[in-house]
**Student:** 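Provided herewith is a single structure, encoded as structure tokens, for subsequent inquiry.
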Amino acid sequence: MDLNIKKILDDVRNKGYSTVESFFDKDTVKIILNDTTKNKFKINENASTGVFYETQYYFMHLLAESQKCYDFITSKFVINLCDQYLGNKYRLHASRYYETMSGHNMKWHVDNKRGIKLIDMKGLIFIVYLCDVDEGEFQYIEGSHKFNNDTPDIKSEFINNKYKHLIRSLKMPSGSIVIYDARGIHRANPFDNKNYVRKSLYFQVDAIENSAEKILVNTKFLRNINPDIEKILGFGKENEDSSYPKTNLNRYPINFKVLMFILKWFIYRISRFILRTEPRNIIKIFKK
């Protein structure tokens, strides 16, 4: 696309965010969705799999499975924006594909944080809609990247009382992108439509070099390595930050598809157990 980099930067500096509709075409969206969901319900399989967190699904290994995601994150477009907005020092902190289902209630929050602690830093975040978003859309408090917050999470009552007039709800078609300052207050608008799932791509670039989540990169993607790519991917730098979200089997959702998956597993394991043990028991009877 013929993108106006200056307008995007001006929007982020002034409003805290910028949008571009239909940034990715339909074919690219389709490829990314396949790359990030093909192992969605695989458990105990030696493959790159995602995790469920009750009303959300996350796939972290974008740079291991998706050439499209790798090319975008390391593109001149992204690196140019980071150079001009973040300065000389920056690094990819986190990247993920995620799905948000009905009933999920995200708090208003900022992303310049580590855990529950605010960090004094700049960062750029990129969210790409991988479906048409008419509900559950990204919401941003315009100009909030210039606020002085004392906590990373902000109560809805406070937002509604003080900043309701600044809430910007960004409903856009599939392939659209939101670029925003990590210090701005934002959330996903809650929704109750059980037939709808919001699908999104997320990655965060922080103006810090020695702090990031662990990132797996498929070596076949590394065809044109240069200092800019080494910098944004943090080659040789520390990466001891814990991956988000922290989850376990207790966070696995209960729905028809999951129950059928468990039932098939149970029937298979019982069958295998019987086939392994019963012949020996029959032999023992005849020996008696």
Side-chain angles (χ1 to χ4, degrees), residues 24 26 28-70 72-73 92-107 109 111 115 125-139 170-178 186-204 213-218 241-265:
F24 286 156
K26 292 181 179 179
T28 299
V29 169
K30 185 176 181 180
I31 292 170
I32 292 174
L33 284 173
N34 178 69
D35 290 340
T36 53
T37 61
K38 60 187 178 183
N39 297 329
K40 185 175 179 179
F41 288 100
K42 293 182 179 178
I43 298 176
N44 198 34
E45 187 161 328
N46 195 2
S48 298
T49 57
V51 296
F52 284 88
Y53 191 83
E54 297 185 357
T55 53
Q56 289 189 298
Y57 168 75
Y58 291 87
F59 180 76
M60 322 302 293
H61 308 305
L62 301 181
L63 302 187
E65 291 292 339
S66 176
Q67 177 81 60
K68 292 290 186 181
C69 290
Y70 173 86
F72 176 51
I73 291 173
L92 179 67
H93 172 258
S95 61
R96 50 185 172 264
Y97 164 82
Y98 66 100
E99 296 178 359
T100 303
M101 289 149 261
S102 67
H104 182 72
N105 190 9
M106 180 184 289
K107 295 180 180 179
H109 65 283
D111 286 332
I125 294 177
F126 301 74
I127 291 182
V128 180
Y129 290 168
L130 298 178
C131 65
D132 293 335
V133 177
D134 296 316
E135 53 188 322
E137 72 278 4
F138 179 82
Q139 293 183 308
L170 307 180
K171 298 180 180 181
M172 293 185 293
S174 177
S176 299
I177 187 170
V178 182
H186 61 278
R187 72 169 184 177
N189 193 13
F191 65 96
D192 295 318
N193 182 356
K194 294 182 180 180
N195 297 317
Y196 175 73
V197 177
R198 177 188 152 190
K199 302 174 182 181
S200 308
L201 190 70
Y202 168 104
F203 70 93
Q204 178 173 345
E213 298 178 8
K214 290 182 176 67
I215 298 171
L216 301 180
V217 181
N218 192 325
D241 289 357
S242 59
S243 297
Y244 180 86
K246 293 182 180 179
T247 187
N248 54 46
L249 191 58
N250 292 334
R251 299 294 186 178
Y252 212 74
I254 294 178
N255 55 45
F256 179 78
K257 194 165 188 176
V258 171
L259 289 175
M260 290 302 297
F261 173 83
I262 294 172
L263 180 61
K264 289 180 181 178
W265 167 83

**Student:** To the nearest 0.5 Å, what is the distance between CD (Glu65) and OH (Tyr70)?
**Tutor:**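 Going from CD on Glu65 over to OH on Tyr70, the span is 15.5 Å.
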**Student:** Do Asn193 and Glu135 have side-chain N/O donor and acceptor atoms under 3.5 Å apart?
**Tutor:**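 Side chains of Asn193 and Glu135: pair found under 3.5 Å.
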**Student:** Quick one: closest heavy-atom pair of His104 and Gln56, and the distance?
**Tutor:**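 That would be CE1-OE1, 3.2 Å.
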**Student:** Can we call the ring centroids of Tyr129 and Phe138 under 6.0 Å apart?
**Tutor:**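 That pair fails the under 6.0 Å test.
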**Student:** Which pair of heavy atoms, one from Gly103 and one from Thr55, lies closest together, and at what distance?
**Tutor:**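 In this case the closest contact between Gly103 and Thr55 is C-CG2, 4.4 Å.
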**Student:** Run Ile32 and Phe72 through side-chain contact (heavy atoms from CB on, under 4.5 Å) and show every step you take.
**Tutor:** CA-CA 11 Å; Ile32 292 174; Phe72 176 51; over 6 Å; no
**Student:** Would you say the side-chain atoms of Ser66 pair up with the backbone N or O of Leu62, donor to acceptor, closer than 3.5 Å?
**Tutor:**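 It does not hold such a pair.
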**Student:** Any side-chain heavy atom of His186 within less than 4.5 Å of one from Gln139?
**Tutor:**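 Heavy-atom side-chain distance check fails, nothing below 4.5 Å.
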**Student:** Where do Phe59 and Ser48 come nearest, in terms of heavy atoms and distance?
**Tutor:**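 In this case the closest contact between Phe59 and Ser48 is CE1-O, 3.4 Å.
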**Student:** Give a yes or no on this: more than 12 heavy atoms of other residues, nucleotides or ligands lie within 6.0 Å of atom CD1 of Ile254.
**Tutor:**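 No, because the 6.0 Å sphere around CD1 of Ile254 holds 12 heavy atoms or fewer from other groups.
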**Student:** Hey, is NZ on Lys30 packed in by over 12 heavy atoms from elsewhere, all under 6.0 Å?
**Tutor:**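 Incorrect, the count does not exceed 12.
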**Student:** Whether the side chain of Thr247 engages the backbone of Phe52 through a donor-acceptor N/O pair (distance < 3.5 Å, no angle test) should be reported.
**Tutor:**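 Yes, because the side chain of Thr247 sits within donor-acceptor range (under 3.5 Å) of the backbone of Phe52.
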**Student:** Heavy-atom distance under 4.5 Å between the side chains of Tyr196 and Asp134, does that happen here?
**Tutor:**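 When only atoms from C-beta onward are counted, Asp134 and Tyr196 do not touch, as no gap falls below 4.5 Å.
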**Student:** Would Phe41 and Tyr252 count as a close aromatic pair, with their ring centres under 6.0 Å?
**Tutor:**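 For Phe41 and Tyr252, the ring centres are not under 6.0 Å apart.
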**Student:** Please confirm whether the backbone N or O of Ala64 pairs with a side-chain atom of Asn218, one donor and one acceptor, at under 3.5 Å?
**Tutor:**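 Yes; at least one donor-acceptor contact below 3.5 Å.
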**Student:** Which atoms form the tightest heavy-atom contact between Met172 and Ile177, and what is the distance?
**Tutor:**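 The pair with the smallest heavy-atom distance is CE-O, 4.0 Å.
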**Student:** Just to verify, what does Glu99 make a salt bridge (charged side-chain N to carboxylate O under 4.0 Å, His left out) with, not counting sequence neighbours?
**Tutor:**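 Counting only residues at least two positions away or on another chain, Glu99 forms a salt bridge (charged side-chain N to carboxylate O under 4.0 Å, His left out) with Lys40.
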**Student:** Between Asp132 (side chain) and Ser174 (backbone), is there a donor-acceptor pair under 3.5 Å?
**Tutor:**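 Yes, because the side chain of Asp132 sits within donor-acceptor range (under 3.5 Å) of the backbone of Ser174.
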**Student:** Do you know the tightest heavy-atom contact between Ala188 and Gly136?
**Tutor:**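 Taking every non-hydrogen atom into account, CB-O, 4.1 Å.
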**Student:** Any chance you could measure Ile215, atom CD1, to Leu63, atom CG, to the nearest 0.5 Å?
**Tutor:**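 With rounding to 0.5 Å, CD1 (Ile215) is 6.0 Å from CG (Leu63).
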**Student:** Hey, mind stepping through Thr100 and Phe191 against side-chain contact (heavy atoms from CB on, under 4.5 Å) and telling me if it holds?
**Tutor:** CA-CA 10 Å; Thr100 303; Phe191 65 96; 4.2 Å; yes
**Student:** Taking side-chain hydrogen bond (donor to acceptor under 3.5 Å, both in side chains) as the test, write out the residues that go with Arg198, two or more places apart.
**Tutor:**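 By the side-chain hydrogen bond (donor to acceptor under 3.5 Å, both in side chains) rule, Arg198 matches Tyr98, Ser200.
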**Student:** Could you give the distance from CG (Leu33) to NZ (Lys199), rounded to the nearest 0.5 Å?
**Tutor:**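 Nearest 0.5 Å value for the CG-NZ distance: 5.5 Å.
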**Student:** I'd like to know if the side chain of Asn189 reaches the main chain of Glu137, judged simply by a donor and an acceptor atom lying under 3.5 Å from each other, with no hydrogens or angles considered.
**Tutor:**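 No: the side chain of Asn189 does not pair with the backbone of Glu137.
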**Student:** Should the ring pair Phe126 and Phe203 be called parallel, tilted or perpendicular, given that the plane angle runs from 0 to 90° and is split at 30 and 60?
**Tutor:**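 Parallel.
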**Student:** Check whether more than 12 heavy atoms from other residues, nucleotides or ligands sit under 6.0 Å from atom NZ of Lys38, and answer yes or no.
**Tutor:**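 Check passes, neighbour count above 12.
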**Student:** Between atom NZ of Lys42 and atom CZ of Phe261, what is the distance when rounded to the nearest 0.5 Å?
**Tutor:**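 Here the rounded value is 10.5 Å.
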**Student:** In chain order, what residues pass the side-chain hydrogen bond (donor to acceptor under 3.5 Å, both in side chains) check against Ser243, with sequence neighbours excluded?
**Tutor:**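 Scan of Ser243 (side-chain hydrogen bond (donor to acceptor under 3.5 Å, both in side chains), adjacent residues dropped) gives none.
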**Student:** How close do Leu201 and Cys69 get, heavy atom to heavy atom, and via which atoms?
**Tutor:**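 Where Leu201 meets Cys69 most closely, the heavy atoms are CD1-SG, 3.8 Å.
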